[in-house]
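Heads up, the thing below is written out as structure tokens.
Worth knowing before you read on, the calculation uses all heavy atoms, side chains too, and leaves out hydrogens, waters and symmetry mates. Within every chain, numbering begins at 1; the chains are lettered A, B, ... in the order of the sequence lines, protein sequences first and strands thereafter.
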Amino acid sequence: MRLSRYFLPVLKENPSEAQIVSHRLMLRAGMIRQQAAGIYSWLPLGYRVLRRLEQIVHEEQQRAGHIPLLMPTLQSADLWKESGRYDAYGPEMLRIRDRHDRDMLYGPTNEEMITDIFRSHVGSYKDLPLTLYHIQWKFRDEVRPRFGVMRGREFLMKDGYNFDLTKEDALHAYNRHLVSYLRTYERMGLQAIPMRADSGPIGGDDTHEFLVLADTGESEVFYDSRVTDIRLGARDIDYDDKDQCRGVMEEFTALYARTDETHDAGLFEQIPEDRRRVARGIEVGQIFYFGTKYSEPMGALVATPDGERVPVHMGSHGIGVSRLVGALIEANHDDKGIIWPEGVTPFHAGIVNLKQGDADADAACEGLYAALRARGLDPLYDDREERAGAKFATMDLIGLPWRITVGPRGLKAGVVELTSRRTGESEELAPELAVARIAEIYAGL
RNA sequence: CGGGGCGUGGCGCAGCUUGGUAGCGCGACGGUUUUGGGUACCGUAGGUCGUAGGUUCGAAUCCUAUCGCCCCGACCA
């Protein structure tokens, strides 16, 4: 993309409504625009990141054998009356009435709807196990939206639902989700720690929240410092291997790690003092096993091999996709702006032409631009008639992980400059080598 | 939902106490000048002062109502 033809409305000054750093930077970098309290338009740069996160979530869900579908944002209240949650949910649920005076709602989640789909099409153990998911906008009418997209009212969420014949199978689904979530976050360049949590209005017995450590997090967390040393890394995962999934789950959840909701001071004290950590975290996902909580009242039954009809065992799992954009920035920024991890960056590299209009510099930039694109990469070429300082400031603000700086001075020596946004370190090298280096960095991401 | 604060050009703000018909910085646009970290100068455009009533010869300014937004708390993915 050439910046001169893009839509990137960056701000030099901080909008007064934004208090926390991710919100400020998202506004300044032209990623979002607030349309109402807790409701945002995603401008092109922000939309790119959002789409990228969605893509990673889709890939990792399908790698784990989960099947995508798409349910609507608006739901009929009937299903919710059936489950009993229409009254239980409270004013957080946005209730709407259509022209025929029918009760509708903007879905805060989809347990009822997915259970309805399941019960009308699935009736046999032979169709199990089954995990369906979608990535869709949700609405929760928060009393007090804040922190930009991290606690909006409208938010994009991946929510998935597993259906299993037995509790044992459903617990495998739980473990499988835990593992696939770990992998999803790691691909995004985030460390999200699974912590024992409270089940809230979803209900259920087992639940873990995934928290990204950040000073601005909304939850207080307590953990053994050793949990931050565990990584999934490149290990091979067979999502059908129950023992392996359980093993990974145990590895990641054996050490003490809890939010304030489930914190147990007594257990915490048993950790050696030098490893006790009290910090703050941003919740970016949660998994639940809730058994037959919905299948029983809603009559989602399956026939067992013996011909008996039993309620299906279920769980649900969510990843806050739009809030992850904020969480990523909270975890990756400095005083100049955002620093995107390579896995989620909106553009792979920025090209800064220090002297627009200089024949050599223009040609070199065009060459780099074409070469990067030929490698399947997506560069952002700042071809504006701006001074160097303005171009650097923009690049730093929007946080592309790599920058190639091209100027007549360097070109005389046959080099351009490759700079890491994260470390600030620069290297002078021939343009072809810079392209090769960037291609190498992104190989496999 | 309790407490606090704020609505004045795209963004940040002043003006309001002591009513007289709107101003500054940034940004945008046009020039000149610059050109390796937000260059300097000149000029131009852009505002029903959130909205609706009221007081007044006259309201951004005073009064009433209302809407919106932000912060702290409770709540929450």
Is A:Gly285 touching bases, backbone alone, or none of the nucleic acid, heavy atoms closer than 4.0 Å?
nothing
Is it the case that the base of B:rG12 and the side chain of A:Asn14 share a donor-acceptor contact (distance under 3.5 Å, atom types as modelled)?
no
Distance, C1' atom - from B:rU48 to B:rG2, rounded to whole angstrom:
36 Å
So, does the side chain of A:Arg151 form a donor-acceptor pair with the base of B:rC75 at under 3.5 Å?
yes
Given the P atoms of B:rU8 and B:rA14, what is the spacing between them in whole Å?
11 Å
Check the distance between B:rU35's P and A:Asp383's CG and give it to me in whole angstrom.
21 Å
Could you state the atom-to-atom distance from CZ of A:Arg280 to C1' of B:rC76 in whole Å?
14 Å
C1' atom, B:rA45 versus B:rA28: distance in rounded Å?
9 Å
Across every strand shown, the nucleotide meeting Watson-Crick or G-U wobble geometry with B:rU21 (both distances under 3.5 Å) is none
Need one value for A:Gln356: base, sugar-phosphate or nothing, where a base atom within 4.0 Å counts as base even if backbone is also close, heavy atoms only.
nothing
When the distance from CD1 of A:Ile32 to P of B:rG10 is rounded to whole Å, what number comes out?
19 Å
Remember a base hit wins even if backbone is also touched, and classify A:Gly148 as base, sugar-phosphate or nothing at under 4.0 Å, heavy atoms.
nothing
B:rG25 base to A:Glu13 side chain: any donor-acceptor pair below 3.5 Å?
yes
B:rU35 C1' sits how many Å from A:Glu385 CD, rounded?
11 Å
Find the distance A:Leu397:CG to B:rG27:P and express it as a whole number of Å.
15 Å
What is the nucleic acid contact for A:Gly407, judged by heavy atoms within less than 4.0 Å: base, sugar-phosphate only, or nothing?
base
Under 4.0 Å, heavy atoms only, any strand: does A:Ala393 hit a base, just the sugar-phosphate, or nothing?
base
Check this for me: does the side-chain of A:Arg24 come within 3.5 Å of the base of B:rG12 through a donor and an acceptor?
no
Counting distance alone, no hydrogens or angles: does the base of B:rC76 have a donor or acceptor under 3.5 Å from a partner atom on the side chain of A:Arg140?
no
What nucleic acid atoms does A:Pro9 come within less than 4.0 Å of, heavy atoms only: base, sugar-phosphate, or nothing?
nothing
A:Phe210 vs A:Tyr185 aromatic rings, parallel, tilted or perpendicular, using cut-offs 30° and 60°?
tilted
Separation of B:rC11 atom P from A:His23 atom NE2, nearest Å, is 13 Å
Please figure out whether A:Glu209 or A:Arg33 has its closest RNA chain B nucleotide nearer the 5' end.
A:Arg33
Nearest-angstrom distance from the residue atom CG of A:Asp358 to C1' of B:rU34
15 Å
Between A:Arg153 and B:rC76, is there a side-chain N or O to OP1/OP2 distance below 4.0 Å?
no
To the nearest Å, how far apart are A:Glu218 CD and B:rC72 C1'?
16 Å
